[in-house]
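See below for the structure under consideration.
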Amino acid sequence: MNKEEYVSLIDGRDEETARYLFSLARKRREEYYGSKVFIRGLIEFTNYCKNDCYYCGIRKSNRNASRYRLSDEDIISCCEEGYSLGFRTFVLQGGEDPYFTDERMCRIVSEIKKSYGDCAVTLSIGERSRESYQKLFDAGADRFLLRHETADFCHYSMLHPENLSAENRQLCLKNLKDIGYQVGTGFMVGSPFQTTENLADDMLFLSSLKPSMVGIGPFIPHKDTPFADKHSGTLELTLFMLGLIRLALPYALIPSTTALGTISPIGRELGLKAGANVVMPNLSPPSVRKKYMLYDNKICTGEESAQCLECLKKRVENAGCQIVVDRGDVYKP
Ligand code: 5AD
Ligand code: FES
């Protein structure tokens, strides 16, 4: 599909086309992954961040954020608990925190891989040099998540301060892919100033990058950011984009994200029904969960957490799928 086709599809959407899109999306997902849903244990290990993205609750200028870092031991014990719950992928996610040098990160990654050799380690730690990405890969990291946020350079500059660029972001993604990571990218739906053309460009960007994973979620304002008064993205448009992504990249691993679960109590079930096939429950220690607040009202009551896998299983079954104990690598023919 070209840009104009995406624009008219997105602008012309209605309930009926959405229903049809989701049924096609489910069918495509099934061809590659059956009714399996893969689970990832999310460990939010630091909320220190040197960046100042206008949308993000843990941006460095937010003096109200109460900052924390997990120790190596804390992180390993999250993995230990996660492993016994059935998780075979651990996602280490954090702000861009210079405390976590290559040396520290490599040590943590290799320690996890030593103890849990049958598990995948995913990093979500932002922009670093190619050399740094290479070292982390050599230490055993399997996957890397780095959302492109918006493919349009001009839109990117409206969401970020001047020291951050879409160009460098996309260079990082290229480097990660070249090194051999399974790469995940993605964007926010309904972020401030976003146009339908931007979303069409995001689709074209995904089609050319061909990432293994794509994470999208609605933009949700955070009260202590410059975007406090902006509107949230909608559930409806986020689900529609999810369906389109499944058709464009039928082999992709697509999470039904926490942000979807935050704007609607059944958001994550609806995400699965629109073509998603991954959920990422929180494995972070309960004491820090409220501190990793990227946006207002982020769900962290316990029900979405890894410890409540039973509730999650029921939700996934309500969406016609089953959770599996599996690394859940990307489909390779
Ligand atoms: N609303 C929704 N998503 C957000 N993220 C950051 N801030 C927000 C927000 N206010 C997303 C970004 C980032 C990911 C970790 O969380 O896309 O890449
Ligand atoms: Fe950039 Fe949090 S400060 S995403």
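Each ligand, and each atom within it, is numbered from 1 in the order the structure gives.
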Numbered atoms of ligand 2 (with element) below 4.0 Å of C56, judged on heavy atoms: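 Contacts of ligand 2 toward C56, numbered from 1: 2 (Fe), 3 (S), 4 (S).
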Proximal atoms of ligand 2 relative to C53 (non-hydrogen, under 4.0 Å):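 Near C53, the atoms of ligand 2 are 1 (Fe), 3 (S), 4 (S).
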N, O or S from C49 under 2.8 Å to atom 2 (Fe) of ligand 2: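 It does not: C49 brings no N, O or S atom closer than 2.8 Å to atom 2 (Fe) of ligand 2.
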Parallel, tilted or perpendicular: ring planes of F227 versus F193, cut at 30 and 60 degrees: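 Plane angle over 60°, so perpendicular.
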Could you tell me, atom by atom, which parts of ligand 1 come under 4.0 Å of a heavy atom of [X]?
{"X": "F219", "result": "1 (N), 2 (C), 10 (N)"}
{"X": "R147", "result": "11 (C), 12 (C), 17 (O), 18 (O)"}
{"X": "Y55", "result": "6 (C), 7 (N), 8 (C), 9 (C), 10 (N)"}
{"X": "E149", "result": "12 (C), 13 (C), 17 (O), 18 (O)"}

Heavy-atom gap P218 to ligand 1 smaller than 4.0 Å: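 Contact check P218 vs ligand 1: positive.
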Greater than 12 external heavy atoms within 6.0 Å of D118's CG: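 Yes, the 6.0 Å shell around CG holds more than 12 heavy atoms from other groups.
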Enclosure of K113 NZ (heavy-atom neighbours >12, cutoff 6.0 Å):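 Enclosed.
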Identity and separation of the nearest protein heavy atom to atom 3 (N) of ligand 1: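 Here the closest protein heavy atom is M188 SD, 3.4 Å.
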Residue, atom name and distance, where the atom is the protein heavy atom closest to atom 15 (C) of ligand 1: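 Here the nearest protein heavy atom works out to L294 CD1, 3.9 Å.
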Euclidean distance, L249 CG relative to I254 CD1, rounded to 0.5 Å: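 These two atoms lie 7.0 Å from each other.
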Cation-pi geometry met for R40 and F90 (6.0 Å, 45°):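 No, R40 does not lie over the aromatic ring of F90.
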Thiol sulfurs of C311 and C308 closer than 2.5 Å: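 Yes, the SG atoms sit under 2.5 Å apart.
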Nearest candidate to atom 9 (C) of ligand 1, where distance is taken over non-hydrogen atoms, out of T262, I220, I58, V189: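 The residue whose heavy atom sits nearest atom 9 (C) of ligand 1 is I220.
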Option passing ring-ring contact (aromatic ring centres under 6.0 Å, His included) with H148 (candidates F187, Y156, F153):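 Between H148 and the candidates, ring-ring contact (aromatic ring centres under 6.0 Å, His included) is satisfied uniquely by F187.
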K291 bridged to E44 by N-O distance under 4.0 Å: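 Looking at K291 and E44, the cut-off is not met.
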